[in-house]
Amino acid sequence: MTSSMRITWILGAHGWADCTVEGERAGAELTASCISNAPEDLLTAVARLVAGEAETRAQFEAEPTAYRWIFYREGADSWVRLLELRDGGDHDNKGTEIWSAQLPVDAVARAVIRCFDEVARTHGESGYRGKWGEHFPRTELEALRRLRDAYRRVDGTQP
């Protein structure tokens with residue numbers, strides 16, 4: 001099982017971001033538009049995964065392409081799939097898998113938290129709003145951080 005994951009979120013032209021996800025063996029590049037709540041949806045999906053849900057999802061709209069994150073959980077392990085779809089309303093089976101990895105749940109949460117911590121350090125919350133067009137997802141980020149901390153205490157991976 002892969003044990004690491006890295007996600008970067010690079011703000012581009014107003015209302016657009018490029019996202020890169022990397023594992024130990026492969027990576028994928030995605031685009032997100034602010035027409036959807038992509039950052040909030042990703043943070044919330046991972047928070048729900050950490051909280052114990054067996055399957056969660058998030059979607060990035062790239063007008064008209066969409067990128068769908070699907071998270072499956074079994075115990076402390078997860079399987080992350082990224083699908084590229086021609087249209088956001090398409091069923092999963094019409095998508096092309098562009099990346100997948102089996103990871104500990106904690107590794108997924110850590111990667112998403114680190115990603116958005118870096119965005120906040122780089123741009124600040126007002127700079128983020130100026131480039132993305134919406135508020136920085138502070139509430140969702142802190143909710144995920146609290147859930148991860150609680151998960152790690154219960155799981156025994158944190159003193």
Residue pair V112 / L144: nearest heavy atoms and the distance that separates them: CG1-CD2, 3.9 Å
T8/E118 under side-chain contact (heavy atoms from CB on, under 4.5 Å): CA gap, chis, key distance, verdict: CA-CA 8 Å; T8 56; E118 180 61 27; over 6 Å; no
Salt bridge present between D106 and R110 (N-O < 4.0 angstrom): yes
Residue pairs involving residues 125-136 (criterion salt bridge (Lys or Arg N to Asp or Glu O under 4.0 Å); sequence neighbours excluded): E125-R138
Salt-bridge criterion met for D117 and R145 (N-O under 4.0 Å): yes
From CA spacing to verdict: side-chain contact (heavy atoms from CB on, under 4.5 Å), L42, F116: CA-CA 11 Å; L42 178 60; F116 286 98; 4.3 Å; yes
Side chain W99, main chain A26, donor-acceptor under 3.5 Å: yes
All pairs passing salt bridge (Lys or Arg N to Asp or Glu O under 4.0 Å) where residues 50-64 contributes a residue, at least two apart: R48-E53, E55-R57, R57-D92
Ring geometry between F71 and W69 (parallel below 30°, tilted from 30 to 60°, perpendicular above 60°): parallel
Members besides W79 in its Ile/Leu/Val/Met/Phe/Trp/Tyr cluster (side-chain heavy atoms under 4.5 Å): I70, Y72, L83, L85
Nearest-0.5 Å distance, CG of residue L82 to SG of residue C19: 8.0 Å
Atom pair CD/OG1 of E84 and T65 - distance to nearest 0.5 Å: 5.5 Å
Partners meeting ring pair (Phe, Tyr, Trp, His ring centres under 6.0 Å) with Y67 (sequence neighbours left out): none
For the student: nearest non-hydrogen atoms of M5 and A111, plus distance: O-CB, 3.3 Å
R73 side chain vs L49 backbone, donor-acceptor pair below 3.5 Å: yes
Nearest atoms (heavy-atom pairs only) where G75 meets V105: O-CG2, 4.2 Å
Spacing of T20 atom OG1 and D18 atom CG [to the nearest 0.5 Å]: 7.0 Å
Distance-minimising heavy-atom pair for A17 and L11: CB-CD2, 4.2 Å
Residue list, ring pair (Phe, Tyr, Trp, His ring centres under 6.0 Å) with W16, at least two apart or on another chain: none
Atom CD of E29 with >12 non-hydrogen neighbours under 6.0 angstrom: no
Distance in Å, L30 CG paired with I7 CD1, rounded so as to fall on 0.5 Å steps: 9.5 Å
Identified ring pair (Phe, Tyr, Trp, His ring centres under 6.0 Å) partner of W9 from the options F60, Y128, F136: F60
Considering all heavy atoms, the nearest T56-A45 contact: OG1-O, 3.0 Å
Non-neighbouring partners of H91 that pass side-chain hydrogen bond (donor to acceptor under 3.5 Å, both in side chains), sequence neighbours left out: N93
Straight-line distance of E140 CD to E40 CD, nearest 0.5 Å: 5.0 Å
Nearest non-hydrogen partners of W132 and P39, listed with the distance: CZ2-CD, 3.8 Å
CZ-CZ distance between R68 and R81, expressed to the nearest 0.5 angstrom: 10.0 Å
